[in-house]
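One structure is given below, encoded as structure tokens.
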Amino acid sequence: MDCNVRPESMLRITTKELADKFIDEQVELVRRQVGDKKVLLALSGGVDSSVVAALLIKAIGKQLVCVHVNHGLMRKGESEQVIEIFGKELDANLVYVDATDRFLGLLEDVADPEKKRKIIGGEFIKVFDEEASKLEGISFLAQGTIYPDILESIKAAESGKPVKSHHNVGGLPEDMQFELVEPIKLLYKDEVRVVGEALGLPHAMVYRQPFPGPGLGVRCLGAITRDRLEALREADAILREEFDNCGLAEKVWQYFVAIPDMKSVGVRNDMRYEGWPAIIRAVNTKDAMVATIEEIPYSVLHKITDRITGEVEGINRVLLDLTPKPTGTIEWE
Ligand code: XMP
């Protein structure tokens, strides 16, 4: 039997009971596969890698080494949450790498979106590779592959078209000789979330909206500067907080702020105040191939605007992006 094909008899995991059964089975399988060897995992803090981490911690404890690379393009509080949950609460063997200066240094003055993506993806693999080579006795590499990834690869192989380049961030370095551990590879995303909650991960982590590998790098448009990146991180945190407060967070597929490399004239405290505009984007989609725009009540928009322009240094306007996909892509870069 091809172990990359989901058996027809496999029940859809929709309840805690089914999730617990799946977890018990996987714990057993992972223990059998790994024995007393060590496993390495790139832990981004996204849903899939977090669920794999929690599952493997349950199965093999400290034999799992999680490496979290902070490329400096994470959202507010994200790396801290990884350290808090995995490093402290779950007492994982966690290697935290703050590579902010390295990434931002390489990205300085680079305005071309594709070049930015390549730098971030390439550097991510390099940093991960360096960390891996410092570790002794690693035999396995765990990955948060899920069933749609497998289906997409099969489709891509059949059509002769490569898998979308943007799925390569954090991908497997070609010359790494590890055996793979992929405990959730036959699960759909909704099942991964049910399993994550059954493993005790926080709801907010398990139901986190999708976040691109290059992170805020593709939302800090053009050449990234530290001050604009910081403004973006703060504005995005306010947007997320207000979406949480009004219930939109549960309803909208993806919502974020982008900031262009452009200033306009404004006024603050009776003084001329040149600042960047914060662009709000909130979209709904099933497959990220086409997307529609979520309607946000004006009262919510006003509140977000007041908070962003009042609280975030460097921003003097808030704009709303009403473009569906097509013609816009979901991200601005
Ligand atoms: P676009 O902008 O292509 O985005 O309409 C579709 C979905 O993919 C996400 N996205 C990425 N994910 N690495 C990723 O892992 C990337 O480079 C990347 N670019 C876009 C985007 O956030 C949206 O959910």
Side-chain angles (χ1 to χ4, degrees), residues 42-52 68-75 78 82 103 106-107 110-128 143-153 155-156 161-173 184 188-190 192-193 207-222 224 229 232-233 236 239-240 243 248-249 251-260 279-294 321-333:
L43 176 59
S44 67
V47 183
D48 305 332
S49 67
S50 296
V51 172
V52 168
H68 176 71
V69 177
N70 178 358
H71 49 23
L73 304 164
M74 308 292 282
R75 287 174 295 189
E78 250 169 356
V82 168
F103 278 83
L106 283 171
L107 288 165
V110 181
D112 180 75
E114 278 305 298
K115 278 200 191 124
K116 285 168 72 179
R117 266 215 169 74
K118 287 218 170 77
I119 289 172
I120 299 167
E123 195 59 14
F124 189 94
I125 289 173
K126 241 198 221 162
V127 175
F128 185 70
Q143 294 214 124
T145 313
I146 64 172
Y147 205 46
D149 299 333
I150 291 183
L151 296 178
E152 189 173 350
S153 308
K155 237 200 293 175
K161 290 193 195 128
V163 180
K164 278 186 259 174
S165 81
H166 65 229
H167 286 144
N168 291 343
V169 174
L172 190 58
I184 58 170
Y188 288 100
K189 195 81 180 189
D190 54 314
V192 177
R193 296 191 208 278
Y207 282 86
R208 201 181 90 147
Q209 57 166 322
F211 186 57
L216 298 181
V218 292
R219 298 176 182 170
C220 191
L221 311 179
I224 298 169
L229 179 62
L232 169 61
R233 200 180 332 263
D236 184 72
L239 177 79
R240 288 193 286 143
F243 266 44
L248 275 171
K251 205 173 147 232
V252 182
W253 196 76
Q254 204 171 10
Y255 47 95
F256 56 86
V257 169
I259 301 191
I279 301 165
I280 295 177
R281 186 146 175 76
V283 299
N284 280 317
T285 177
K286 283 206 162 63
D287 55 6
M289 301 305 285
V290 293
T292 56
I293 293 303
E294 175 69 27
D321 182 355
L322 290 175
T323 323
K325 176 179 181 177
T327 52
T329 47
I330 292 176
E331 303 292 343
W332 268 57
E333 283 191 339

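Starting from 1, each residue takes its place in the sequence as its number. Order of appearance sets the numbers: ligands from 1, and atoms from 1 within every ligand.
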**Q.** E152 with K155: basic N within carboxylate O range, under 4.0 Å
**A.** no

Q. Looking only at N/O atoms, are R219 and ligand 1 under 3.5 Å apart anywhere?
A. no

Q. Which ligand 1 atoms does W253 reach within 4.0 Å, using its non-hydrogen atoms?
A. 24 (O)

Q: With the side chain counted from C-beta on, respond yes when R193 and V47 share a heavy-atom pair under 4.5 Å apart, and no when they do not.
A: yes

Q. Relative to atom 11 (C) of ligand 1, which among S44, P212, P113 owns the nearest non-hydrogen atom?
A. P212

Q) Relative to ligand 1, is W332 under 4.0 angstrom through side chain, backbone, both or neither, heavy atoms considered? A) neither

Which side-chain N or O atoms in residues 208-215 pair as donor and acceptor under 3.5 Å with protein atoms at least two apart or in another chain?
unit_1 : atom_1 : unit_2 : atom_2 : d
R208   : NH1    : G45    : O      : 3.4
R208   : NH1    : E78    : OE2    : 2.7
Q209   : OE1    : Y255   : N      : 2.8
Q209   : NE2    : Y255   : O      : 3.0

Q | ligand 1 N/O within reach of G213 N/O, cut-off under 3.5 Å | A | yes

**Q.** Any N or O of I330 closer than 3.5 Å to N or O of ligand 1
**A.** yes

**Q.** Within 6.0 Å of NZ in K189, more than 12 heavy atoms from elsewhere
**A.** yes

Q: Mark up the atoms of ligand 1 that fall under 4.0 Å of a heavy atom belonging to P214, in ascending order.
A: 13 (N), 16 (C), 17 (O)

Q: Before accepting this row, confirm whether a basic side-chain N of the pair R240/D236 lies closer than 4.0 Å to the acidic partner's carboxylate O.
A: yes

Q: Just go through R281, K325, E331, K116 and tell me whose heavy atom is the nearest to atom 3 (O) of ligand 1.
A: K325

Q: Could I get the full list of side-chain hydrogen bond (donor to acceptor under 3.5 Å, both in side chains) partners for S44, not counting sequence neighbours?
A: S49

